[in-house]
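First the structure, in the form of structure tokens, and then the observations on it.
Every value quoted in this text rests on a predicted model; they were computed, and no experiment measured them. Chain identifiers are assigned alphabetically (A, B, ...) following the order of the sequence lines, protein sequences preceding nucleic acid strands; residue numbering begins at 1 within each chain.
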Protein chains: 2
Amino acid sequence: MNISKVAKIAQLPTKTVRYYSEIGLVAASGRTEAGYRDYSEQDARKLCFVRRAREFGFSIEECRSLLSLYEDRERSSSEVKALAQTRLDEIEQKQRELQSLHTAISHLIKNCSGDHRPDCPIIDYLEQ
Amino acid sequence: MNISKVAKIAQLPTKTVRYYSEIGLVAASGRTEAGYRDYSEQDARKLCFVRRAREFGFSIEECRSLLSLYEDRERSSSEVKALAQTRLDEIEQKQRELQSLHTAISHLIKNCSGDHRPDCPIIDYLEQ
DNA sequence: CTAAGGTTTCCAGTAACTGGAAGGTCAACG
DNA sequence: CGTTGACCTTCCAGTTACTGGAAACCTTAG
């Protein structure tokens, strides 16, 4: 199938599919005589897999690892679990950061009158 | 004062200070004869202000707005409050996204044995 | 045969820096 | 006075994961 068909199946923009082939993440299994990329069903599954992993916030390099584990029939689940755990740790770290930002900013907003006067605790705080 | 001194005061890498001058966010108020950037106390305060705003996750362009409000003695606090509220909304959106990722990934991890066998619900889930 | 719409490659831009090279400057030490 | 080391300058490239666009080629329908 051509690139627009596989892109539709994988729910990715064609630009992204082309990009993934360029960086060697998921290449087309062949080319037509005219040089068009020719994707197989298996390629489509891989692209789908990558899209879902990306939605989970795995980086391209992590996707590369996951993909090789996905393709490895002899893989152990521990390797995959370790990658997922790393990702979970990152998420928790980010959550803690966002929570403290949320606390700080909402506190500032609560104390800002938000009227036409120039007094502003937000500016004052940033100015310190 | 020279760039390394102002960088130390503002707690920013000199590279970043140079970058901020390059993009016209906070320029040095002058240059020495030899062409060295020459920063004033006020420049130092602005750089500090920007660093703190960046730590709150404001983008460079938002910092530009905040900076012009900071410099405007006639500003109304409502403009600043609106920017902060936008930032808070973004934070809350990101928090919701991270929460659903956390739920999904931790669920997958809980169901993965993580041993030497190839069976892995994480891969299975991504494969669907 | 032509026109529309697909495909190719290549180049540039995004956000916000960061690293490094080549070269000019400054202060101190002997 | 020379030199050494630590500054400073500009410019270029790389980072992440695409995205937009141009020029040129291919395919398919009418």
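Residue B:Asn2 has no polar side-chain atom (N or O) positioned under 4.0 Å from OP1 or OP2 of D:dC7. Here A:Ser4 reaches the OP1 or OP2 of C:dT7: one of its side-chain N or O atoms lies under 4.0 Å away. Dashed line: the shortest gap from a side-chain N or O of A:Arg18 to OP1 or OP2 of C:dT9 is not under 4.0 Å. Distances shorter than 4.0 Å separate none of the side-chain N or O atoms of B:Thr14 from OP1 or OP2 on D:dC8. An OP1 or OP2 oxygen of D:dC18 is reached within less than 4.0 angstrom by a side-chain nitrogen or oxygen of A:Tyr20.
The interatomic distance linking A:Leu12 (CG) with D:dT19 (C1') rounds to 14 Å, in whole Å. When rounded to the nearest whole Å, the span between CD1 of A:Ile23 and C1' of D:dT15 equals 14 Å. Protein atom OH of B:Tyr39 is 12 Å distant from nucleotide atom C1' of D:dT9, rounded to whole Å. Following rounding to the nearest Å, B:Glu61 (CD) and C:dC17 (P) show an atom-to-atom distance of 12 Å. Rounded to whole angstrom, the span from the CG atom of B:Leu25 across to the P atom of C:dA15 amounts to 14 Å. In this structure, A:Tyr36 places its OH atom 9 Å from P of D:dT28, rounding to the nearest Å. Between the CD atom of B:Glu22 and the C1' atom of D:dA13 there is a distance of 13 Å, given to the nearest Å. The interatomic distance linking B:Glu90 (CD) with C:dA15 (P) rounds to 14 Å, in whole Å.
Both B:Arg37 and A:Ala34 lie near DNA chain D, and the one whose nearest nucleotide falls closer to the 5' end is B:Arg37. If B:Ile60 and B:Thr32 are placed on DNA chain C by their nearest nucleotide, the residue sitting closer to the 5' end is B:Ile60. Residue order along DNA chain D, read from the 5' end via each residue's closest nucleotide, puts B:Ile3 first among B:Lys15 and B:Ile3.
Residue B:Ser59 is in sugar-phosphate contact alone, with no base atom involved, counting any heavy-atom pair closer than 4.0 Å across all strands shown.
Taking a cutoff of 4.0 Å between a charged side-chain nitrogen and a carboxylate oxygen, A:Arg51 and A:Glu55 qualify as a salt bridge. Ion pairing of A:Arg64 with A:Glu61 is present here, as a side-chain N (NZ or NE/NH1/NH2) and a carboxylate O approach within less than 4.0 Å.
Remark: the A:Lys5 side chain and the C:dG6 base include no donor-acceptor N/O pair separated by less than 3.5 Å.
Tested against A:Phe49, the residues A:Tyr70, A:Phe56, A:Phe58, A:Tyr20 include a single ring-ring contact (aromatic ring centres under 6.0 Å, His included) partner, A:Tyr70.
From A:Ile109, atom CD1 reaches atom CG of B:Leu88 across 4.5 Å, with rounding to the nearest 0.5 Å.
Of the candidates C:dC17, D:dT9, D:dT19, D:dT9 carries the atom nearest the B:Arg31 side chain, counting heavy atoms from C-beta on.
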**Request:** Go through the steps for B:Thr86 and B:Asp89 under the test side chain to side chain donor-acceptor pair (under 3.5 Å), then give the verdict.
**Result:** CA-CA 5 Å; B:Thr86 299; B:Asp89 294 345; 5.5 Å; no
